[in-house]
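To start, the structure under review is shown below, and the notes come after it.
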Amino acid sequence: MKFERVTMAALSSSTYISKSSINDFSFTNNKHSKTFFFLNKKLHSRPRNLSLNNALSVNQQLFSLQQETRDSDNGTLVPDSESVISSIKYHAEFTPSFSPEKFELPKAFYATAESVRDKLIVNWNATYAYHEEMNVKQAYYLSMEFLQGRALLNAIGNLELSGAYAEALTKLGHDLEDVAKQEPDAALGNGGLGRLASCFLDSLATLNYPAWGYGLRYKYGLFKQLITKDGQEEVAESWLEMGNPWEIPRNDVSYPIKFYGEVVNGPDGRKEWVGGENITAVAYDVPIPGYKTKTTINLRLWSTKVAPEYFDLNAFNSGDHPKAYEALKRAEKICYILYPGDESHEGKTLRLKQQYTLCSASLQDIIARFERRSGEALDWNKFPEKVAVQMNDTHPTLCIPELLRILIDYKGLSWKEAWEITQKTVAYTNHTVLPEALEKWSLNLLQQLLPRHVELIEMIDKELIDTIIAEYGIKDLELVKEKLKQMRVLDNVELPASVLEVLVQPEETPIVDLVKEEESTEEGSEEVTEATSEDDELKVKEPKEVKIIPKVTFETDPNQPKMVRMANLCVVGGHAVNGVAEIHSEIVKNEVFNDFYKLWPEKFQNKTNGVTPRRWISFCNPELSKIITKWTGTEDWVLNTEKLDELRNFADNEDLQSEWRKAKRINKEKMVSFLKEKTGYLVSPDAMFDVQVKRIHEYKRQLLNILGIVYRYKKMKEMSAEERKENFVPRVCVFGGKAFATYVQAKRIVKFITDVGATVNHDPDIGDLLKVVFVPDYNVTVAEVLIPGSDLSQHIRYTSISNLQFFFSLYGFDNWCPLIISTAGMEASGTSNMKFAMNGCIQIGTLDGANVEIRQEVGEENFFLFGAEAHEIAGLRKERSKGKFVPDPRFEEVKEYVRSGVFGPYNYNELMGSLEGNEGYGRADYFLVGKDFPAYIECQDEVDKAYRDQKKWTKMSILNTAGSHKFSSDRTIHQYARDIWTIEPLVLP
């Protein structure tokens, strides 16, 4: 019987689903799903002892449950707490990760998560089966990062099971929040790039779009940040130490990945990539549930390994242990660390291996699915009609040559066919506005590691060259030379011989008139007679004008490396290029890729980033969510954030303002407890909570923030106690973020912040008037506490198009290094500002990225703006280089105060010195901290003034939440689906 088979499958392997069960539609039968979810409904025992020794057999209970769920089947059945208890007990007993004696918090978390996962698997199977049956076009989002955060509360929230699980765990002796705290954040991302990808997956599932995400399963993440007396220290993440209850290993889904080797011609004339190093990519699936929908999409993560035969048993037994497991470690380390350091050749090679593994495994999987769904009607021309591949930044660029390789070398398509299919399938999201920061790889490294791909990249480059020549002709060779210099995929690489034949011209000579002596010519004649002897003298008449046409050469620079420009490859190989904020997209068109925009204007679009309102308001801020629902009259705002705009109508309402302040107070009290737990510092909820949480980097200007705090502290110390209270609003200044392990200046900033905090927080004269707290190991879970409790959020960076030029010159990177884009690349939009705005946090910032759009939506009067504008920056730096900049006396005062040693013995000369001088290595205040310092502290005075008027401040807060209505990732995903992927929602029946 079908039911018996499903029951046994459920009991024997709840942590794994075979291919046969995925493709078997009967597995997702609604009654069977409910039966599985309500497993062991009547198995109850004491809360702390879950032994089932005295219980009925599992099969007997399932049989009785079959009848029970059938009787109650009147549509979608919402489990009650008793059913949830049974499910949790079952997993505590039969899928244990802990000893059976106790049911403590860690075990409670794993059993609860596995219970929730059962429901996700049922919905995942139903979604997968329906997508297979309908064979609709599907989007695939490829990203090196997915910063998911904890999954438990998000999953039960989306499944609308929060109440049932809270009640069930209470009956079992635990609190849901305490259980949820046992979950480590998945260490699959670092910053905004990964968080954006995760928000997009949530929206894709919620909006019922057929889509998957693809990434890598990093064992140790980026790093876990510790704060010690010496500043930041890094240790490996341990998120997989106890296993991941959300992932489903797919041991039957694996693909071969090759590195090195050589390219030969096969017997059929096709190219064959042979030899080299072979590894295997294995799939791990993470179900992503939508909100109030059955749709559950997939995040497929790849892990790497080699077959057991690669373990050299002879070497091991002879004592050469490193040689024995060399191949295993070489494969496994590909998925050890997110963004490994790449100063060394080995580091660069590992980074490139990571990128290729993501691209190759994902495309092989996508193509296999396309072939299976097509069946006998396989038509490769329809591939773009069924598949959309989105590259999140340039990390997945190798998708382009890899898709070509598979189509040409394995599927037998011609170059022309494969190239047309690839261009129609792939699209690219740009996150970087500085040309120098766009990813480049050494051609030599690529040639060694991926020889077949280099051949295909050369063909793409030749295709582009032909397009440029066809567009601009060869009359103006200087123009053509400039276009090739800016647009070619291959940088500093010789032009193909066939192209040189067309472009290279013979050297030009002046045109002159030759005349013989007058005695040999007739008067007035212009004819030149032939010389009759060596003594005959030819006269050269000086021309009035001699036009010299210089020879245009196309030579390479032997002193510079040969590189492959990945962003150019993305633009050429895809059908769409989008920026992630309005101002950023304009820079992409007019600056970064202007030559491409002139050639293909139809490719370029804007898709302003967004964040999911489920995680970032509804689940992390339930107090505020209740108020929004009450005053908008509906919960629909969770799915349609346009409803938030209705709050404008009540911004002056005293009842709403009172409720709003109470909700903020509750969140601030939670934040007080959290800060005490994480840092040991006790702060007052009566103070303004001023927060800056971002990656630590000079261009994000945490240094401006902390110097402003130091100035504030100095002024306080100069006043009496009464004067302090009269002149200053109490503040708790919170920092969070990681400095990349090799970024010395950023780590100095972390050390400086912690030293200031250690001094200020223990000063009895200051008390609660000022606290400075650095929260270690900032991640999604930390953000979910800090953002709802914040009063003021700082977004004070500068990311003008020339910002990172400083970074490259400062640290000696003549060419782009992959380390930079992941750890120091610009935020073209930013999404943390959107999360803060959604939670009613008022912002102080510059006109940069999405700040421009946020200020427009929330209202200029509800955003604290300061600083030089983008068009002024180049002139200000030029003025500085000429020695014309005169620093504000207050800026000089605060630097001198820092150097006085008031914050401890650490030598801050290097840090302060970076803000001084007019030019030179590590000098000249490139990010305009000194220039903006007076405007910044004056703007902070305006913040204090506004905060004192709590009625005004609360109104500003309400209008920030109302104005965030356009920054939902749902809105962004609808635009991607409509304009780039051309996919439609598919609601499960």
Side-chain angles (χ1 to χ4, degrees), residues 10-11 14-15 33-69 71-74 76-123 150-183 242 245-246 289 618-620 622-623 625-626 670 673:
L11 292 175
S14 64
T15 60
S33 301
K34 291 169 186 172
T35 301
F36 179 50
F37 186 75
F38 301 129
L39 187 63
N40 299 324
K41 182 175 182 181
K42 297 178 182 178
L43 299 183
H44 297 298
S45 56
R46 290 178 302 166
R48 300 283 175 165
N49 182 359
L50 300 189
S51 173
L52 303 183
N53 293 335
N54 299 323
L56 294 171
S57 72
V58 172
N59 281 338
Q60 286 177 314
Q61 299 217 25
L62 278 170
F63 183 80
S64 64
L65 278 172
Q66 181 187 15
Q67 182 65 41
E68 187 172 338
T69 54
D71 293 342
S72 60
D73 189 13
N74 57 357
T76 301
L77 185 62
V78 178
D80 59 19
S81 62
E82 298 303 313
S83 302
V84 171
I85 288 173
S86 296
S87 179
I88 293 173
K89 285 182 175 182
Y90 170 77
H91 284 289
E93 182 76 12
F94 289 105
T95 55
S97 300
F98 300 86
S99 300
E101 292 84 7
K102 299 178 180 179
F103 187 63
E104 295 180 337
L105 281 171
K107 184 174 183 178
F109 162 67
Y110 278 87
T112 302
E114 287 157 351
S115 164
V116 176
R117 190 187 63 179
D118 291 344
K119 179 65 173 173
L120 298 182
I121 288 174
V122 169
N123 287 348
R150 290 172 175 167
L152 178 58
L153 295 181
N154 190 76
I156 62 175
N158 278 0
L159 292 169
E160 299 181 271
L161 297 177
S162 299
Y165 270 89
E167 185 178 345
L169 285 167
T170 299
K171 291 178 179 179
L172 292 172
H174 290 301
D175 179 76
L176 174 59
E177 285 195 15
D178 292 336
V179 171
K181 288 177 182 177
Q182 304 304 305
E183 180 179 3
M242 299 297 293
W246 303 107
S618 183
F619 301 152
C620 79
E623 300 299 328
S625 298
K626 293 173 187 175
K670 290 179 182 178
S673 299

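Worth knowing before you read on, the calculation uses all heavy atoms, side chains too, and leaves out hydrogens, waters and symmetry mates. On a predicted model such as this, the values are computed, not experimentally measured, just so you know.
- The minimum heavy-atom distance between Leu105 and His174, with the atom names listed, is CD2-ND1, 3.5 Å.
- Taking every heavy atom of both residues into account, Gln182 and Pro106 meet most closely at OE1-CG, 3.8 Å.
- Here CD1 of Ile156 is found 14.0 Å from NZ of Lys119. Values are rounded to the nearest 0.5 Å.
- Going from atom CG of Asn158 over to atom CG of Leu153 covers 11.0 Å, rounded to the nearest 0.5 Å.
- Ionic pairing of Glu177 and Lys181 is not present here: no N-O contact between side-chain nitrogen and carboxylate oxygen is shorter than 4.0 angstrom.
- Closest approach of Val116 and Ala155 over heavy atoms only: CG1-CB, 3.9 Å.
- Shown here for Arg117 and Trp246, the closest heavy-atom pair between the two residues is CD-O, 3.9 Å.
- Contact between Ser162 and Leu176 at its shortest, heavy atoms only, is O-CD2, 4.1 Å.
- With values rounded to the nearest 0.5 angstrom, Ser625 atom OG is found 9.0 Å from Phe619 atom CZ.
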Exercise for review: For side chain to side chain contact (heavy atoms under 4.5 Å, CB included), just list the numbers for Asp178 and Leu169, CA-CA rounded to whole Å, side-chain angles, deciding distance to a tenth of an Å, and then say yes or no.
Suggested key: CA-CA 10 Å; Asp178 292 336; Leu169 285 167; over 6 Å; no
Review point. When you look at His91 and Asp118, which way does the side chain to side chain contact (heavy atoms under 4.5 Å, CB included) test go after all the steps?
Key: CA-CA 10 Å; His91 284 289; Asp118 291 344; 2.4 Å; yes
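- Between the side chains of Ser83 and Asp80, at least one donor N or O lies within less than 3.5 Å of an accepting N or O.
- Going from atom CZ of Phe109 over to atom OG of Ser97 covers 10.0 Å, rounded to the nearest 0.5 Å.
- A side-chain donor-acceptor contact under 3.5 Å links Thr170 to the backbone of Ala166.
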Exercise for review: Kindly determine whether Tyr110 and Met242 satisfy side chain to side chain contact (heavy atoms under 4.5 Å, CB included), including the steps that lead there.
Suggested key: CA-CA 9 Å; Tyr110 278 87; Met242 299 297 293; 3.0 Å; yes
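- For the pair Val84 and Glu167, the minimum side-chain heavy-atom distance is 4.5 Å or more.
- Closest of all the heavy-atom pairs between Glu114 and Thr95 is OE1-OG1, 3.1 Å.
- Contact check for Phe103 versus Ile88: side-chain heavy atoms found under the 4.5 Å cut-off.
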